[in-house]
2 protein chains.
Amino acid sequence: MSFQISIGPRVRKSPFYDATVKAGVSGFTIYNHMYMPVSYGAPEAEYDRLINGVSMWDVAAERQVELKGPDAFKLAQYLTPRNLSKFVVGQGKYVPICNHDGHVINDPICLKLAEDRYWLSIADSDILLWAQAVAGEKKFDVDVSEPDASPLAIQGPKAEQVVTDLFGAWPAKLNYFWFRRARLDGIPVLVARSGWSKQGGFEIYLLDASKGTALWNAVAKAGKKYNIGPGCPNYIERVESALFSYGADNAVDSTPYEVGLGKYVDLNQRAAFIGKAALKAAAEAGPKRRMVGLVLAGRALKPNEHPLPVYKGKRQIGMMGVVAFSPRLKKNVALAQISTSVPDDASDLTVETSSGVRKAQITQTPFI
Amino acid sequence: MSFQISIGPRVRKSPFYDATVKAGVSGFTIYNHMYMPVSYGAPEAEYDRLINGVSMWDVAAERQVELKGPDAFKLAQYLTPRNLSKFVVGQGKYVPICNHDGHVINDPICLKLAEDRYWLSIADSDILLWAQAVAGEKKFDVDVSEPDASPLAIQGPKAEQVVTDLFGAWPAKLNYFWFRRARLDGIPVLVARSGWSKQGGFEIYLLDASKGTALWNAVAKAGKKYNIGPGCPNYIERVESALFSYGADNAVDSTPYEVGLGKYVDLNQRAAFIGKAALKAAAEAGPKRRMVGLVLAGRALKPNEHPLPVYKGKRQIGMMGVVAFSPRLKKNVALAQISTSVPDDASDLTVETSSGVRKAQITQTPFI
């Protein structure tokens, strides 16, 4: 089935929108109330570019939430179960966010821009509102707003060469998630070693929305000799690499322990954070579900439209969020949340797909 | 330009999804993290059905946020500047929601199901998270969750006949926004006199997501003799009727006074509510912008993709959120937020559209 997406003023356009249209974008989703490219009509080439070359992605929909003011650090720490006591300026950290019941409601990267200034680079839920509500009710002395910052990702094994050609030697020396401000042909940017793939790469945060096409063109030009081309957060690669996708992989009531994010929760830190009591109770009770990789038998499956039920014998033991046929493994690889009562070597697992019932085997992740 | 929308597990499908596909849906948007139909490929017929007949819309994406428990009323009142002191069970009220700075962040209908139970029927922002954050920080004794409730709208002058045939005489006696629970062929529903048009109609809230197709078919069957057909929240009719669309018509920092919602703010009530201090200050200072209707000169304009700047002479005085060519008025009608310094009879207004600069005249709304 194929449907059109309406383009209208209610949903925002990315600063790179015009450039992506010129580059041949063919499909969009909506993410954080903004159009985000999901296809340029050549999935094999887009996958190949990411795995073997270099790809550029409009991920402006990865919106930023700025916390600024005397209580900015207090708020940042209060928002996440992760211990931020050793967080330094120039560093980024992956900071899952939970609600008061300990359920995951987003999984941003937090950038520390200054002692009193932080950006949360968010997945698709309104953390701007969440943080405003918390700051307002706690009467924290902090401004919570959306800055003019729109990431353009450069991903793939040749991303480092492109970024080096653009900025010089320093980006290649950044540690993972670290960042630095810079200018490119007069365009203000922030360069971070990050991105939603395991192929290596950078995100160039455009800091002047009026310069989207200029930045896109500068990156395309520098990348030309490496055969850079347009791409998107890649469905197949993210499953192969077992990258968590908020909204697809979790249930509304998943704790971090149930979706592979337990290692980011520090219950022993002195600082207060939202969900601490609930997460303590959850840790003591032990998780009921866990994230696993599955390999599904049989011919290549099409991407699933729905989450699909996973069975052990006749008993439903969980939900599979996503399945992709891996061109490298020549296998159907999937991520699922299943009952912790089911062991890794369980033998009679099946998934009910749109192409019939498929045998499934729990497998270590990442798949590659 | 026409682009595909990706259909995948990260975004939810409505309980009516399969039925809308069967009915020929051709376009979607994403609203509250759910696919929502926006076109069945025959805009003239869809408009005509709404204006002269009866139309049925999958508006399940108008998600519900349930407030339940001893402090449910306290929370409901705290969330909105509207005075809810005379709110009774069975009634619905339009309750704009502001943040602590007094900026509009949603404009739900609130349904009072019981003294300790309310539903907010929301526009496209995560009020579930907003209300959870507030309840959590206030330590209110209330559960904030999403109930199994998905509205199917029946709109148009013949909607009352369809609903009467389905349920009997009582729905026609409901006051505007009032509702009642019922069953239809064993399907649990709630019937409200409401809907996002000014053509009259009802919303049937499906209370069992597994019965979406059954409810759709029951309505289609009853509506057959009135020539019911599928439709969507109608872009043209909503402009003609000057219905507010959160996200399209407001800026991120619009107060209720600036978008025509000032009448719902009660600063004199005893109850506390979020944004009270900021709204008091805004009321004293007076609004800087106001919502107006504009008639744009010249040939029929296509729907705008972006908000567009409005000028008086050479000075930008505001933004036009939306323009539509009205088949009934044979005019381009638009909604804009402009500076309060510009009077109703301002003579040299223009809007920069994708079809060139158009003269504009401020006009009373609704247009029809």
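Here is how names work: the chains are called A, B, and so on, in the same order as the sequence lines, proteins then strands, and each is numbered from 1.
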Open item on the list: With a 4.5 angstrom heavy-atom cut-off, is it the side chain or the backbone of Ser26(A) that approaches chain B, or both, or neither?
Closed with: backbone
Task: Heavy-atom contact with chain B under 4.5 Å, split by part of Asn304(A) - done: both
TODO: Would you mind checking which part of Val21(A) comes under 4.5 Å of any heavy atom in chain B, side chain (CB onward), backbone (N, CA, C, O), both or neither?
DONE: side chain
Open item on the list: Less than 4.5 Å apart, side chain to side chain, heavy atoms only: is that true for Thr29(B) and Ile30(A)?
Closed with: yes
Task: Least distance between heavy atoms, His100(A) atom then Gln132(B) atom - done: ND1-O, 3.8 Å
Task: chain B contacts, top residue of Trp130(A), Phe3(A), Tyr35(A) (heavy-atom pairs, under 4.5 Å) - done: Phe3(A)
- [ ] Quick one: closest heavy-atom pair of Pro9(A) and Pro307(B), and the distance?
- [x] CB-N, 3.9 Å
Task: chain B contact via Tyr246(A) - which portion, at a heavy-atom distance below 4.5 Å - done: backbone
TODO: Mind ranking Val38(B), Ile105(B), Asp124(B), Val322(B) by heavy-atom pairs under 4.5 Å with chain A and telling me who comes out on top?
DONE: Asp124(B)
Task: Per-residue contact mode, Asn99(B) against chain A (heavy atom under 4.5 angstrom) - done: side chain
Open item on the list: Between Asp126(A) and Asp126(B) (side chain of the first, backbone of the second, donor and acceptor by atom type, cut-off under 3.5 Å), is there such a pair?
Closed with: yes
Open item on the list: Working to the nearest 0.5 angstrom, can you tell me the gap between Leu129(B) CG and Asn106(A) CG?
Closed with: 8.5 Å
TODO: Nearest 0.5 Å please: distance from the CD atom of Glu305(A) over to the OH atom of Tyr17(B).
DONE: 5.0 Å
Open item on the list: Once rounded to the nearest 0.5 Å, what's the spacing between atom OG of Ser145(B) and atom CG of Asp253(A)?
Closed with: 11.0 Å
TODO: Kindly indicate, with the supporting measurements, whether the criterion side chain to side chain contact (heavy atoms under 4.5 Å, CB included) is fulfilled by Arg10(A) and Asp249(B).
DONE: CA-CA 8 Å; Arg10(A) 192 183 61 78; Asp249(B) 296 344; over 6 Å; no
- [ ] Please determine, among Arg12(A), Gln4(A), His33(A), the option with the most heavy-atom pairs under 4.5 Å with chain B.
- [x] Gln4(A)
Task: 4.5 Å side-chain heavy-atom contact, Ile5(A) and Phe28(B) - done: no
TODO: Name the region of Ile274(A), side chain, backbone, both or neither, that has any atom closer than 4.5 Å to a heavy atom of chain B.
DONE: side chain
